[in-house]
Amino acid sequence: MLTRKLNHPFYLSLYVFCLFSMMSCGKKDSLKIATPQPTIISFSAPVVGVGYPLTIAGTNFDATISNNKVTINGVVAIVTAATTTHLTVIVPDDATSGTITVTISGQSVTSSGSVKIVKLTVTTLAGSGTGGSADGLGTAASFNAFWSVVTDNNGNIFVADADNNKIREITPAGSVSTYAGTGVFTGQVNGAANMATFGSPFGITIDKDQNIFVADLGYNDVRKITPAGIVSTLAGSPYGQPGSNDGNGAAASFNAPLGIVADESDNIYVVDAGNNTIRKITPDGTVTTFAGSGTVGSADGTGTAASFNSPYSITIDANNNLFVTDALNNKIRKITSAGVVSTIAGSGTAGNIDGQGTAASFNEPADVAVDAAGNLYVTDARNQAIRLITPDGFVATVAGNGSKGSVDGTGNSAGFSNPLGITIDKNGVMYVLDNDGGRVRKITIQ
């Protein structure tokens with residue numbers, strides 16, 4: 001019966017039509033275009049702080065933000081911008097270092113390399129937020145234009161409280177007391193700590209024997225405080241007159257000594273800001289010019305062939321390399337133990353750009369500290385931020401939102417108010433002096 005019907009022209013035409021229709025439908029199904037596989041080519045930074053943006057470059061992303069899922073080491077990140085070749089995400093607070101995965105319509109790709117996530121959690125340890133000289137616990141205490149900070153082997157914190165003309169001590173629990181200085185700026189009085197006088201103490205450091213050294217800006221000298229609390233003058237004019245003389249003890253002179261650091265051999269290095277030089281003091285008090293021509297400039301070179309422009313602070317790493325914040329050059333400079341000066345970060349133009357080496361920019365970097373892994377942390381004063389410089393020279397912002405204000409928080413949610421002094425203790429805990437905020441901030445690093 002079926003054969004007969006197929007012999008009929010009408011039924012034959014109908015059969016052929018259906019057959020071609022089915023074939024056509026099958027062909028359309030087989031030609032349906034699958035979602036193309038995304039790829040990851042690179043990401044914008046090898047290291048990034050939580051709360052900050054990270055841009056991923058690749059192919060076959062979706063230009064609709066909601067169609068892209070991005071995870072960092074398995075933690076979902078918020079996508080804020082999307083094109084077919086770039087995705088920008090905000091690094092979440094709970095993200096940890098690891099690979100990046102992009103998923104679009106069921107198609108996933110994972111980066112071949114990892115991104116390092118840095119989490120800085122900022123709290124307030126001490127300081128009322130208003131000027132004063134009150135001792136006390138936590139926010140009951142007050143400071144007045146403090147500049148630099150250091151910790152001892154027991155985790156106690158010492159602060160150069162400049163406008164109070166005192167050295168203040170803070171316990172790990174936040175109890176503040178006056179360690180040295182009467183508070184009176186009259187004459188260079190040495191002796192017992194509670195009877196000694198300072199004149200706008202600026203820089204502070206501690207050596208391996210727990211002696212404290214102070215760059216005393218107002219008196220243009222360097223003072224020593226023993227663990228027993230006895231204050232003496234290590235080097236500098238007895239009359240506080242500015243100068244640039246090398247020599248021993250009182251025969252030497254300084255012009256606005258600011259940053260100061262001790263090495264493992266008990267040598268002291270001083271940022272002599274008014275002379276645009278770095279001075280070295282041996283344990284017997286002999287002062288020499290270690291680096292800097294004495295004229296304003298930004299030249300790299302060895303010893304006095306190099307130049308600086310209002311250098312501010314200094315630190316030292318485990319290999320005896322010195323690092324200097326060259327404030328008005330907006331650069332971070334490195335000085336080897338042989339006196340060779342180079343620029344490791346900063347374009348020389350004021351700005352707030354993360355990036356590699358001299359592609360990055362700062363705005364009057366104030367102080368610098370180094371951790372056990374060789375990372376540098378810089379208080380970028382006018383950018384109200386903490387910047388990280390990796391050992392290979394990449395600069396990333398890891399705390400601070402750029403707005404002025406002492407706000408506790410994590411990464412980009414934290415706020416600073418003219419951060420100046422910075423130090424890292426033996427346990428890797430960071431302390432920052434929020435100068436305009438009148439607060440000592442405690443920062444844990446993860």
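FYI, side chains are in, hydrogens and waters are out, and symmetry mates aren't considered; it's all heavy atoms of this structure. Predicted, not measured: the structure shown is a model, and the values here were computed from it.
Legend: residues meeting side chain to side chain contact (heavy atoms under 4.5 Å, CB included) with Ala381, ordered by chain and number and at least two apart, are Ala366, Asn418, Leu420. By the side chain to side chain contact (heavy atoms under 4.5 Å, CB included) test, Ser97 is found to be paired with Lys116, Ile117, residues two or more places apart in sequence or in another chain being considered. Shown here are the side chain to side chain contact (heavy atoms under 4.5 Å, CB included) partners of Ser417, two or more places apart in sequence or in another chain: Lys404, Ser406, Asp434, Asp436. Here Asn255 pairs with nothing under the side-chain hydrogen bond (donor to acceptor under 3.5 Å, both in side chains) rule; sequence neighbours left out. Shown here are the side chain to side chain contact (heavy atoms under 4.5 Å, CB included) partners of Ser66, two or more places apart in sequence or in another chain: Thr64.
Evaluation of the salt bridge (Lys or Arg N to Asp or Glu O under 4.0 Å) test over residues 343-365, restricted to residues two or more places apart or in two chains, returns Asp354-Arg387, Glu364-Arg382. Under the salt bridge (Lys or Arg N to Asp or Glu O under 4.0 Å) criterion, the residue pairs touching residues 120-144 are Asp135-Arg168, with sequence neighbours excluded. Residue pairs meeting the salt bridge (Lys or Arg N to Asp or Glu O under 4.0 Å) criterion with at least one partner in residues 121-131, sequence neighbours excluded, are absent. Applying the ring pair (Phe, Tyr, Trp, His ring centres under 6.0 Å) test to residues at least two apart or on different chains, the pairs with a partner in residues 264-284 are Tyr269-Phe290. The ring pair (Phe, Tyr, Trp, His ring centres under 6.0 Å) contacts involving residues 144-185 comprise Phe143-Phe146, Trp147-Phe202, Phe158-Tyr179, Phe185-Tyr219, where partners must be two or more places apart or lie in separate chains. Every pair tested for ring pair (Phe, Tyr, Trp, His ring centres under 6.0 Å) that includes a residue from residues 370-428 fails, sequence neighbours excluded, so the list is empty. Pairs of residues two or more places apart, or lying in two chains, never qualify as salt bridge (Lys or Arg N to Asp or Glu O under 4.0 Å) while including a residue from residues 173-191.
For the side chain to side chain contact (heavy atoms under 4.5 Å, CB included) test with Thr302, the passing option among Val340, Thr336, Val341, Ile335 is Val340; the others fail.
Side-chain contact between Gln188 and Asp221 is present, with at least one heavy-atom pair separated by less than 4.5 Å. Counting heavy atoms from C-beta on, the side chains of Val50 and Asn412 never come closer than 4.5 Å.
Without hydrogens or angle criteria, Ser361 side chain to Asn352 main chain gives a donor-acceptor distance under 3.5 Å. Put simply, the side chain of Thr325 gets close to the backbone of Ser313: a donor and an acceptor are under 3.5 Å apart.
The heavy-atom pair separating Gly259 from Ile314 by the smallest distance is C-CG2, 3.8 Å.
Checked for salt-bridge contact, Arg279 and Asp246 meet the test: a charged N lies under 4.0 Å from a carboxylate O. Contact check on Asp326 versus Lys331 returns no salt bridge, with no Lys/Arg side-chain nitrogen under 4.0 Å from an Asp/Glu carboxylate oxygen. Comment: Asp266 engages Lys208 in a salt bridge, judged by a side-chain N to carboxylate O separation of less than 4.0 angstrom.
For Arg223 and Phe198, the positive end sits near the middle of the six-membered ring, less than 6.0 Å away and at most 45° from its axis.
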